[in-house]
Number of protein chains: 2
Amino acid sequence: MRLTRYTDYALRVLMYLAAQPDQFCAISKISADYGISHNHLTKVVHDLGRLGFVQSLRGRNGGIQLARPASDITVGEVVRTMEDDFTMADCANCIIAPGCGLNPVLEEATNAFLAVIDRYTLAELCRSGTGFMTLFPAFHATRPTT
Amino acid sequence: MRLTRYTDYALRVLMYLAAQPDQFCAISKISADYGISHNHLTKVVHDLGRLGFVQSLRGRNGGIQLARPASDITVGEVVRTMEDDFTMADCANCIIAPGCGLNPVLEEATNAFLAVIDRYTLAELCRSGTGFMTLFPAFHATRPTT
DNA sequence: CTATACATGTAAAAATAATACATGTATAAG
DNA sequence: CTTATACATGTATTATTTTTACATGTATAG
C-alpha cells in the first residue's frame with residue numbers, strides 16, 4: 001500500500017515550485033536536483049500542466065511555475081488527481097461482492113485517509129520558506145520572473 | 001493505492017471461516033468457491049496459520065478454521081500483518097527527506113486509515129451469519145467438527 | 001537561425017505480484 | 001500398513017504494473 005512514484009514526483013515538483021514562488025524552474029534542473037529521470041519527470045509535469053497545477057513556458061529561459069497559489073493547493077487534491085484508483089480491493093472478480101461487508105469498511109478508511117491530506121496545503125508543507133531548498137548541493141536562487 | 005491481492009485473499013478466507021464457525025474447511029474448497037489459484041491460497045493460509053489467525057489440520061478430513069473468535073480479529077490487525085509496508089512515499093532516495101514536511105502528513109493519513117479498519121472485526125463483517133455463503137453456487141453446509 | 005526547453009507518442013526495462021510446479025509431511029480410513 | 005487426502009514449503013515461471021528511455025515535434029529568446 002503506497003503511492004506510485006508518479007504521484008510522489010508530482011508532489012516533489014509542486015513543493016519545489018512552492019518553495020520558489022514566482023520563478024520559472026526548468027524540468028532539467030528539478031530532475032537533476034532530485035536525481036530523477038528527466039523524461040519521466042517531463043510527463044509528470046505535463047500532467048500537472050494539463051490539470052492546472054502548473055504553468056509552463058517553452059523556449060529559452062522557459063520552465064514551470066505554480067499556476068495557483070501554494071496555499072490553495074491541498075495534498076489531497078494532488079493525490080486524488082494523480083493516483084487514478086482508490087479501490088483498495090478488486091471486488092470485480094469476487095463472487096461474494098454483493099453481500100460483502102468488507103468494501104464499505106475499506107471505503108470508509110480510504111475516505112479517512114483522504115480527509116487528512118485534504119487538510120494540508122503545499123504552503124504548509126513548505127512553511128519554512130525555501131528551507132529545504134538548501135538541501136540540494138547545487139542550490140542557488142534562480143532568476144526571478146521578469 | 002490498493003491492498004495486494006495477498007491481503008485481499010487473506011481477508012476473504014477469514015470471512016469465509018468466520019461465516020462457518022467450528023467447521024474445518026479445505027483450502028481446495030475455498031479456492032474453488034472463490035475461483036482463486038489453489039497454490040497461491042495455500043501460501044496465504046500458511047501465513048495465516050503462522051501468524052495465529054487460523055488453525056490447520058492435516059490429512060484426510062483436514063482443513064482450516066479460525067484460531068481465535070471472529071469477534072476478536074479486526075480488519076486492521078489482518079491488514080497490518082499481511083501488508084508488509086505502509087510507507088506511502090519512498091523517501092529513502094529523496095534528498096529533501098530531512099527537511100520534508102510531506103511525510104508526517106502521509107503518516108497521519110495512514111494512521112487515520114488504519115484507525116478505521118481497527119474498529120471492525122470479522123464478526124461484524126459477517127453480521128448476517130452465513131448470509132454471503134449462499135452466494136457460492138455450490139454452497140452447502142460442511143460437516144461440523146466432531 | 002539556432003540553442004534551449006517543454007510536448008507527446010512509442011517502446012523497452014525494471015520491479016512487483018501472482019501463479020504454477022514439484023515434492024515433502026501428516027492424518028484418517030479401510 | 002497402505003493409500004488417499006490435505007496442508008507445508010521451496011523454486012521457478014508468468015503476468016501486471018510502474019518506471020525509464022528513445023525519438024521526434026513545437027515554441028520561444030537571443
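Residue numbers start from 1 in every chain, and the chains themselves are labelled A, B, ... in the order their sequence lines are given, proteins ahead of strands.
The residue B:G49 sits apart from the nucleic acid: no heavy atom pair falls under 4.0 Å.
When the P atom of D:dA23 is taken as reference, atom NE2 of A:H38 falls 16 Å away, rounded to whole Å. The separation between B:D8 atom CG and C:dA18 atom C1' is 12 Å, rounded to whole Å. The interatomic distance linking B:D47 (CG) with C:dA17 (C1') rounds to 14 Å, in whole Å. A straight line from CZ of B:F24 to C1' of D:dT5 spans 15 Å, rounded to a whole angstrom. Rounded to whole Å, atom C1' of C:dT2 lies 14 Å from atom CG of A:N61. Protein atom CG of B:D85 is 14 Å distant from nucleotide atom C1' of C:dA15, rounded to whole Å. Between A:L41 atom CG and C:dA5 atom C1' there is a gap of 13 Å when expressed in whole angstrom units. Atom CD of A:Q65 is separated from atom P of C:dA5 by 16 Å (rounded to the nearest Å).
Under 3.5 Å, the side chain of A:R58 and the base of D:dT26 form at least one donor-acceptor pair of N or O atoms.
Residues B:Y6 and B:K43 share a closest heavy-atom pair of OH-O, 3.2 Å. Minimum heavy-atom separation, B:V79 to B:F86: O-CZ, 3.7 Å.
To the nearest 0.5 Å, atoms CD1 (B:I96) and SG (A:C126) are separated by 7.5 Å. Taken from CG in A:L122 to CZ in A:F53, the straight-line distance is 8.5 Å, to the nearest 0.5 Å.
For the OP1/OP2 pair of D:dA8 and a distance below 4.0 Å, the side-chain nitrogens and oxygens of B:S56 include at least one atom meeting the criterion.
Between A:Y9 and A:Y34, the closest side-chain pair of non-hydrogen atoms is not below 4.5 Å.
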Going through the distances and angles, do A:R119 and A:E124 end up as a salt bridge (charged side-chain N to carboxylate O under 4.0 Å, His left out)? CA-CA 10 Å; A:R119 293 206 315 266; A:E124 286 162 326; over 6 Å; no

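Comparing D:dG30, C:dA28, C:dC6 against the side chain of A:R60 picks out D:dG30 as the nearest.
Although no hydrogens or angles enter the test, the distance criterion places a donor-acceptor pair under 3.5 Å between the side chain of A:E83 and the main chain of B:M1.
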Treating primed atoms plus P, OP1 and OP2 as sugar-phosphate and everything else as base, which nucleotides of nucleotides 10-20 of chain D get B, S or - for protein heavy atoms under 4.0 Å? BB------SSB

